[in-house]
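Values reported hereafter were calculated over all heavy atoms of this structure, with side chains retained and with hydrogens, waters and symmetry mates removed. Both counts, for ligands and for their atoms, begin at 1 and track the order of listing.
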Amino acid sequence: MLLWDSLVSLRMYSGVAATVTAAIIGILFYYFMNVEWSRKRGLVIDEITGLLQYDQFKGQLRKAIHHRNPLYLTVLNIDEFKSINALNTASARNELLRQIGQRLNNWLPANAAACRFEGMDFILYISDSVPSSASSNRSELWQEMQTLLSAPYVIQHELCHVTVSTGMTRYEGDELTWEELLPRAFTALQHAKINRINETVQYHEKLNDLIRRRTLIEIYLRQAIQENQLSLQYQPQYELQSGSLRGFEALLRWNHPELGDIPPNEFIPIAEKINLILSIGEWVLLQSCLMLQRIAPSPSLLKISVNISGAHLLDEQFPEKVRSILDDTGLAAERLELELQESTLLHSLDHADCQLRKLQDFGIRLVLDDFGSGYSSMQYLRKLSFHMIKIDKSFIHSIGHSPDQEVTGSMLQFIKQLRCGVIAVGLETYEQLIYLKKNECDFAQGYLFSKPLSEAQLPPLIQAV
Ligand code: C2E
Ligand code: MG
């Protein structure tokens, strides 16, 4: 009996011991899985984006470079981030970062890695042993990534759009180090961000020269007005059915003593970036109105069209400034046309609406420039009322090339239905002229009639009217 009791208590004791041991193992397992593993994972994986930590990424990339494995190194920057209201809070920004990381993770091909760098910059590399000259499908791959990352995001129940600039450099398996490669990718990114959105640029030696030139332009542009380096040319516009002169478009020119003639498409985006466009634009407006009053005072009805930038629409004072230029020069408001590109309306439609109404109330005419060249949103046409729409020259140049020509024809019909005047830019051939007349385009300007001219060359055109 005594023996039996001892055996029972021994079994009970070993049962308790086993339970305690199992519990300890369970706790240890739980600790390892949830605490230690997350800590270890945290050293490798960035908590917000789910991508590699920067140090891990750098280590992997250095190893690939050490083994001379050819690859692409790419930096991504999320553009226009600051202007997105929905992303004002840190938690909303983190949510965006998380979603971007997720999209990148899902997209990354084999032999590739990505990490978040700083702010809204990401770096990634893709191993690629195919020589760069032979890998034609690479651009499709970058395009795919760009499209994927630019698709709309839902952040805290709000839809938000971001655009992505990409700079990349190719490592061919040569002597370069990580420290040399990364600045190259950033140079390419800097270039990608200069004028456009959703742009991809691949590094090449000349980029450094281009960036140096841009820096010089930034410096020199600040003195251009004071040093009388800016001037205007005027391109005549004609009515197509009657052949009569209707007016001129003012086009800005810059001749710098060292850099020579710098095209407006190069320096105007820089002037916009460094906030010089407001003073330059006011100078252009004043000079254009003065010029028209000098060569064609009232009762002439000839018009002057002036290109304005998005920054003018954001300037609260702009409508009043235009009115005081008209008052000072004595030009009738109906003789001034302001040309706005679609891209300038992209981020400020409501504000633009309010500013443009004020200008229209003064009697100034508004023209939608470069229609069809980029964003072509019906939203502008519904919300804002334009007196005239200018068809981008690429559509005029497509005349004679079917089926693109049919698109131009449909566009003309569409604008007619909006009851707007329509003007074609870039008219160069008789074939284009005949087509435009047949399709009831109202006005045109282009090298077929005349290149942009200096003020001194205009009076004979006016006398011929
Ligand atoms: P835009 O407003 O679309 O001006 C028309 C451009 O087409 C001008 O280029 C003009 O010279 C060119 N053009 C006219 N007819 C023909 C043609 O038959 N064939 C070809 N190939 N081109 C033709 P430009 O003068 O180089 O100006 C380029 C752009 O710079 C302008 O495009 C406008 O967006 C901008 N710009 C020019 N002046 C100003 C300005 O005072 N302020 C602002 N904000 N932008 C300006
Ligand atoms: Mg224009």
- Distance-only polar pair, side chains of Tyr220 and Glu258, donor-acceptor under 3.5 Å: yes
- Message: Check whether Tyr72 forms a cation-pi arrangement with Arg170 (NZ or CZ under 6.0 Å from the six-membered ring centre, at most 45° off the ring normal).
- Response: yes
- Query: Can the positive tip of Lys321 be found less than 6.0 Å from the middle of the six-membered ring of Phe318, inside 45° of the ring normal?
  - Reply: no
- Note on the structure: Restricting Glu339 to its N/O/S atoms, the closest one to the Mg ion (ligand 2) is OE1
- Counting from 1 in the order shown, the ligand 1 atoms closer than 4.0 Å to a non-hydrogen atom of Asp370 are 3 (O)
- Query: Are any of the N or O atoms of Tyr447 closer than 3.5 Å to those of ligand 1?
  - Reply: yes
- Do protein heavy atoms approach atom 7 (O) of ligand 1 to less than 4.0 Å? yes
- Note on the structure: Per-atom filter on ligand 1: closer than 4.0 angstrom to a heavy atom of Gln235 are 14 (C), 15 (N)
- Identity and separation of the nearest protein heavy atom to atom 42 (N) of ligand 1: Asn307 O, 3.3 Å
- Hey, is Lys390 close enough to Glu249 for a salt bridge, meaning N to O under 4.0 Å? yes
- Note on the structure: Closest to the Mg ion (ligand 2), among the N/O/S atoms of Glu249, is atom OE2
- Parallel, tilted or perpendicular: ring planes of Trp178 versus Tyr54, cut at 30 and 60 degrees: tilted
- Is it the side chain (CB and beyond), the backbone, both or neither of Leu448 that lies under 4.0 Å from ligand 1, heavy atoms counted? neither
- Counting only heavy atoms not in Glu179, do more than 12 sit closer than 6.0 Å to its CD atom? yes
- Query: How close does the nearest protein non-hydrogen atom get to atom 44 (N) of ligand 1, and which residue and atom is it?
  - Reply: Ser309 OG, 3.2 Å
- On a heavy-atom basis, the closest approach of Thr166 and Ala192 is O-CB, 3.6 Å
- Query: Can you name the closest pair of heavy atoms from His312 and Glu282 and give their distance?
  - Reply: NE2-N, 4.4 Å
- Message: At less than 4.0 angstrom from any non-hydrogen atom of Val284, what atoms of ligand 1 do you find?
- Response: 41 (O)
- Item | Interfacing atoms of ligand 1 (cut-off 4.0 Å, heavy-atom, Pro452) | 11 (O)
- Message: Distance alone, cut at 3.5 Å: any donor-acceptor contact between the side chains of Ser454 and Gln457?
- Response: yes
- Query: Any side-chain donor paired with an acceptor under 3.5 Å for Gln413 and Gln417?
  - Reply: no
- Task: Could you walk me through whether Arg212 and Asp209 pass the salt bridge (Lys or Arg N to Asp or Glu O under 4.0 Å) test, one step at a time?
- Result: CA-CA 5 Å; Arg212 226 168 285 130; Asp209 296 343; 3.0 Å; yes
- Task: Indicate yes or no: does an N/O atom of Gln445 lie under 3.5 Å from an N/O atom of ligand 1?
- Result: no
- Glu272 and Ser309: side-chain donor and acceptor closer than 3.5 Å? yes
- Message: Just checking Gln317: does its CD atom have more than 12 heavy atoms from other residues, nucleotides or ligands closer to it than 6.0 angstrom?
- Response: no
- Do Phe186 and Phe117 have their ring centres less than 6.0 Å from each other? yes
- Item | Sub-3.5 Å N/O-N/O distance, Leu252 and ligand 1 | yes
- Message: Among the N/O/S atoms of Asp369, which is closest to the Mg ion (ligand 2)? Give the atom name.
- Response: OD2
- Query: Nearest to atom 34 (O) of ligand 1, what protein heavy atom do you find, and at what distance?
  - Reply: Gln341 NE2, 3.0 Å
- Message: Any donor-acceptor pair under 3.5 Å linking the side-chain atoms of Tyr203 with those of Asn208?
- Response: yes
- Nearest non-hydrogen protein atom to atom 10 (C) of ligand 1, with distance, is Leu251 CD1, 3.8 Å
- Message: Just checking Leu301: does its CG atom have more than 12 heavy atoms from other residues, nucleotides or ligands closer to it than 6.0 angstrom?
- Response: no
- Message: Between Asn307 and the Mg ion (ligand 2), is there a contact where an N/O/S atom of the residue lies under 2.8 Å from the metal?
- Response: yes
- Message: Heavy-atom pairs closer than 4.0 Å: do any link ligand 1 to the side chain of Pro263, the backbone, both, or neither?
- Response: neither
- Take every heavy atom of Gln233, measure it against each atom of ligand 1, and state whether any distance is under 4.0 Å. no
- Message: What protein heavy atom lies closest to atom 12 (C) of ligand 1? Include the residue and the distance to one decimal.
- Response: Lys393 NZ, 3.9 Å
- Proximity to ligand 1 by part of Gln432, non-hydrogen separation under 4.0 Å: neither
- Item | Closest protein heavy atom (residue, atom, distance) for atom 28 (C) of ligand 1 | Asn265 OD1, 3.4 Å
- So is Gly281 close enough to ligand 1, meaning a heavy atom under 4.0 angstrom away? no
- Task: Could you see which bit of Leu427 sits under 4.0 Å from ligand 1, with heavy atoms only: side chain, backbone, both or neither?
- Result: backbone
- Query: How far is atom 24 (P) of ligand 1 from its nearest protein heavy atom, and which residue and atom name does that atom have?
  - Reply: Pro264 CG, 3.8 Å
- Query: So is Lys390 in contact with ligand 1, going by heavy-atom distances below 4.0 Å?
  - Reply: no
- May I ask you to check whether His397 has an N/O atom sitting below 3.5 Å from an N/O atom of ligand 1? no
- Note on the structure: When distances are taken from atom 21 (N) of ligand 1, the protein heavy atom at minimum range is Glu428 OE2, 3.3 Å
- Could you walk me through whether Asp353 and Arg357 pass the salt bridge (Lys or Arg N to Asp or Glu O under 4.0 Å) test, one step at a time? CA-CA 6 Å; Asp353 183 27; Arg357 273 179 211 283; 3.1 Å; yes
- Which is it for Ile268 and ligand 1 at heavy atoms under 4.0 Å: side chain, backbone, both or neither? side chain
- Message: Please confirm whether Gly426 approaches ligand 1 to less than 4.0 Å, judged on its heavy atoms.
- Response: yes
- 4.0 Å heavy-atom contact, Lys451 with ligand 1: no
